[in-house]
Number of protein chains: 2
Amino acid sequence: MDDAAQISQVRRFNRTVTERVGVLHDHYLGLDRPIGEARLLWEIGGQGQDVRRLRERLGLDSGYLSRLLRSLEADGLVTVEPQPEDRRVRTVRLTEAGRAEHAVLDGRSDELAGSLLAPLNDAQRARLVAAMAEVDRLLTATTVTLDVVDPDHPDARHCLRSYFTEMRERFETGFDPARSLLPDAGELRAPKGLFLVARLHGEPVACAGLKLPPGSAEIKRMWVAPHARRLGLGRRLLAGLEARAVEHGRGVLRLDTNKVLGDAIALYRSYGFEEVAAFNDEPYAHHWFEKRIGGA
Amino acid sequence: MDDAAQISQVRRFNRTVTERVGVLHDHYLGLDRPIGEARLLWEIGGQGQDVRRLRERLGLDSGYLSRLLRSLEADGLVTVEPQPEDRRVRTVRLTEAGRAEHAVLDGRSDELAGSLLAPLNDAQRARLVAAMAEVDRLLTATTVTLDVVDPDHPDARHCLRSYFTEMRERFETGFDPARSLLPDAGELRAPKGLFLVARLHGEPVACAGLKLPPGSAEIKRMWVAPHARRLGLGRRLLAGLEARAVEHGRGVLRLDTNKVLGDAIALYRSYGFEEVAAFNDEPYAHHWFEKRIGGA
DNA sequence: TCCATTCTCTGACCTTAGTCAGCGAAAACG
DNA sequence: CGTTTTCGCTGACTAAGGTCAGAGAATGGA
C-alpha cells in the first residue's frame, strides 16, 4: 500500500470514527449538562485534582475553568479547597452528589461502548475489539515523548525504583543492587553519560541510561512500565541512545542482560545486537551484546 | 475476552481516538472559519447538494442551516438555487472560490492523516492502517439498514441492474436474463415473495430476493456492491431472508448458484447450507443448496 | 378549486464556549 | 525585607451554536 492509499484509508477511518464515536460521545456525555462541565466533572475523577493540573490537561483558560468550577460548586457537585502545603494552589474534590453524577457519566460511557458492539455478532465483535486495541496502542505510542533528564529527577527515580523492584521479582536469584556493577548516579549524567525518560500524558513510563566511558558506550537500566509495553518504546529508547552515542563519537554500543528477560533479549537481537563474550563480570548477567553504530 | 474487558477496551479506544483524531480534526478544519461553516462547506462537496439532504446528514436545525448558508453566500463561496423539478427544494453549489476553499480543507485533511502516521516507522504504519481499515469496516457495517422494498423501487432497480451487469461480466458464458429462470418482478413482491435492499448512508449497496411458492422458499438475485464487501452484508441478507421465510411458515430455504461465484458459495456453506441435487433447470446454475430453517 | 403538506427562510432569543485584562493572596527569590 | 512570580478569581466582552415560532412559496391530493 503506497502513501496515498494509506492517507486515504486514514481519512476514511477519521470520518467514520468521528461520526460514529465522536458525535455519540458528546451526545451521551452531555445529556443533562453542557459538555464542558461534563468533561470537567469527568476529569476531576475519584481522587480530586489540583485546579492547575485540570487546566493543563483540558487546555482551558484559567478564567473559564474558574467559572465552570463555580457552576459545579453551585450545583453542589464539587468542593474547592486550598492545598495545605501551598495555599495558592487549590484542590477540587467531588462531593457525594458529584460522585453520583460521575457514576452516571461512567455508565453512559459503557452504554456508548456497548452500542458500538451491539449490532455485531461474536466473531465481528472480537475482530473489532482487537483492531481497536491495535489502533489505540499505535496512536498512544505516537504521543510518548523522550527526554534527557537528570537521574535524580523524580520521574527518573520513579523509573529506577520500578526497575529494581521488577528485577528483584523476576531474577531467579533475586536482585541486590549492592552486589551489581551499578553505575553510581554520576555515571548516567553529563559528561560521563546520560539518562532518558519516556513520558506518556506526563507520566514516566520507561527509561534507559547510557554510560560513556572513553571509547565505549554502554546501555544500563532499561525499563518499560508493564502497561506501556507493546508500544515500541524499547526500540525507541535504543534508537535514542544509539543516536546520542554516535553524537559522542562512539562506534560500538554494548550491554549486558539477564537470561530471564526474554523479551528484551529478542528486542536486542532484532535491533541488530549480536551476542559477544563477557566484557565485564556483572554477577547478574548471562548474556553480553554489542552493535556497531554510526556506520563504523 | 469477556464482555467487561471488551467494553473497557472500546472505552480506551474512544478516549484515545477522540483526543488524537477528534480534537485535531476540528483544529485543522477550523483555522479560518467557524467549524460549523467549515463542516458545511466540506459536506456540500464538488457536485452540490440539496439543502434538505445537508440538513439530514449534518443533523442541523433548518433555521440554523439557512443562516450558515447565507453566511457562506455572503462570502461568495456558494450559490443557492431552486431545483427545476421542485422549486421548493433548493440546491447549493460551490462557486470557484468555494471550490478553492474546499481544496484547502481537503489538503488539511490529508495533513491530519499524515500527522498521525508521521511518528511511526514503516511496520507500525502498516499495522495502524490495517487496523484502521478493520475498525472502519466494522463500524460502517453497523450503520447499514435492511428494508423490504418493492422490486420496482429505484434503489431495487439500481441493485438489480448492477447484479445483471456483474453476472454478464463474470459468468464464463455471459448472462442473458431472457434465458435464465427469472422470477418476474411480481414473484418478488408480496404475497408471492419479497425483496430486501441494504442501504449505507442512504445509498443502496446490496439486495436479495425471496420467492415464496407454496411450501418452499427460494433465494434469488443476491448481490453486494464491490465497495461494500467484507462487511458481513451477505450473511445479514441471508439471516433477514431466513427470518422472513420462517415467519411465512417455511421449513427449508434453497437457492441455486453459478460455479464462478466462489465467495458466495463459501458463504452459503458457512451459513449452514448443504449442497443438494438440482431442483430446477436454471441454465446458469452449477450448484444447488438447501438449509433447514425454523427448527424444523 | 381548496386544503394540507413540504421546504426554506427570517426574526427573536438563549446558552455555551472562550478571551482578555487586571486584582489580591500566597509563595519564592534575592 | 521588599520585589517578583505564581495561582486562581472576577468582570466585561465576543462569537459561535442552536432553538422556536411563524411566514411565504411551491406542490400534491381530494
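Chain letters run A, B, ... following the sequence lines, proteins first and then strands; every chain starts at 1. What you see below is based on every heavy atom in this structure, not just the backbone, and it leaves out hydrogens, waters and symmetry mates.
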**Q** Regarding A:T165 and A:R161, do their side chains bring together a donor and an acceptor under 3.5 Å, going by distance alone?
**A**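 On atom types as modelled, these side chains do not qualify, holding no pair under 3.5 Å.
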**Q** Write down the protein N/O and nucleotide N/O pairs, taken from nucleotides 27-30 of chain C, whose separation is under 3.5 Å; answer none if there are no such pairs.
**A**
residue : atom : partner : partner atom : Å
C:dA27  : OP1  : A:R87   : N            : 2.9
C:dA27  : O4'  : A:R88   : NE           : 3.4

**Q** Going by atom types alone, do B:S66 and B:R70 pair a side-chain donor with an acceptor below 3.5 Å?
**A**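 Yes, side-chain donor-acceptor contact under 3.5 Å.
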**Q** Here's a test of your reading of the structure: between B:R55 and A:E37, which maps to the more 5' nucleotide of DNA chain C?
**A**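 This one resolves to B:R55.
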**Q** Over how many whole Å does the gap from A:I35 atom CD1 to D:dA16 atom P extend?
**A**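 Rounding to the nearest Å, CD1 of A:I35 and P of D:dA16 are 17 Å apart.
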**Q** Give every pair of a protein N or O atom and an N or O atom of nucleotides 20-24 of chain C that lie under 3.5 Å apart, one pair per line with the distance.
**A**
none

**Q** Please state whether the phosphate of C:dT10, meaning OP1 or OP2, lies under 4.0 angstrom from any side-chain nitrogen or oxygen of B:R70.
**A**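 Answer yes for this pair, as a side-chain N or O of B:R70 is under 4.0 Å from OP1 or OP2.
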**Q** Whole Å only: how far is the CD atom of A:Q49 from the C1' atom of D:dG8?
**A**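 So the two atoms are 16 Å apart, to the nearest Å.
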**Q** Between atom CG in A:L54 and atom P in D:dG8, what is the gap in whole Å?
**A**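 Result: 9 Å.
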**Q** Starting at atom CD of A:E56, determine the distance to atom P of D:dG8, rounded to an integer number of angstrom.
**A**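 That distance rounds to 10 Å.
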**Q** Quick test of your reading: applying salt bridge (charged side-chain N to carboxylate O under 4.0 Å, His left out), list the pairs with at least one residue in residues 94-107 of chain A, sequence neighbours left out, ordered by first then second residue.
**A**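 Sorted pair list: A:R33-A:E101, A:D106-B:R11.
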**Q** What orientation do A:H102 and A:W42 show, parallel under 30°, tilted 30 to 60°, or perpendicular over 60°?
**A**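 Rings of A:H102 and A:W42: parallel, as their planes differ by under 30°.
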**Q** Identify, with sequence neighbours excluded, every residue that meets side-chain hydrogen bond (donor to acceptor under 3.5 Å, both in side chains) alongside A:R12.
**A**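 A:R12 satisfies side-chain hydrogen bond (donor to acceptor under 3.5 Å, both in side chains) with A:Q9 only.
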**Q** Between C:dC7 and B:R90, is there an OP1 or OP2 to side-chain N/O distance shorter than 4.0 Å?
**A**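 No, outside the criterion.
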**Q** Nearest heavy atom decides the nucleotide; on that basis, is A:L68 or B:S66 closer to the 5' end of DNA chain C?
**A**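 Closer to the 5' end of DNA chain C: B:S66.
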**Q** CZ of B:R52 versus C1' of C:dT6: gap in Å, rounded?
**A**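 B:R52 atom CZ is separated from C:dT6 atom C1' by 9 Å.
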**Q** Please, which pairs that meet salt bridge (charged side-chain N to carboxylate O under 4.0 Å, His left out) have at least one residue in residues 195-209 of chain A, sequence neighbours excluded?
**A**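 Only A:R53-A:E203, A:D147-A:R199, A:D155-A:R199 qualify under salt bridge (charged side-chain N to carboxylate O under 4.0 Å, His left out).
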**Q** Go through it in stages, so that I can follow the logic: the residues are A:D152 and A:R189, the test is side-chain contact (heavy atoms from CB on, under 4.5 Å), and I'd like the CA-CA distance, side-chain angles, deciding distance and then a yes or no.
**A** CA-CA 9 Å; A:D152 271 337; A:R189 171 186 294 146; 3.2 Å; yes
**Q** Quick check: closest heavy atoms across B:P204 and B:V197, and the distance to 0.1 Å?
**A**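 So the two residues come closest at CB-CG1, 4.1 Å.
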**Q** Quick one: A:L40 CG to D:dG8 P, roughly how many Å, whole number?
**A**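 Roughly 13 Å, once rounded to whole Å.
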**Q** What's the CD-P distance between B:E81 and D:dA25, to the nearest Å?
**A**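 Answer to the nearest Å: 19 Å.
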**Q** Could you tell me the separation between the CG atom of B:L72 and the P atom of C:dT8, rounded to a whole number of Å?
**A**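 Atom CG in B:L72 sits about 16 Å away from atom P in C:dT8.
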**Q** Who are the side-chain hydrogen bond (donor to acceptor under 3.5 Å, both in side chains) partners of B:R137, not counting sequence neighbours?
**A**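 Partners of B:R137 by the side-chain hydrogen bond (donor to acceptor under 3.5 Å, both in side chains) criterion, ordered by chain and then number, come out as B:E134.
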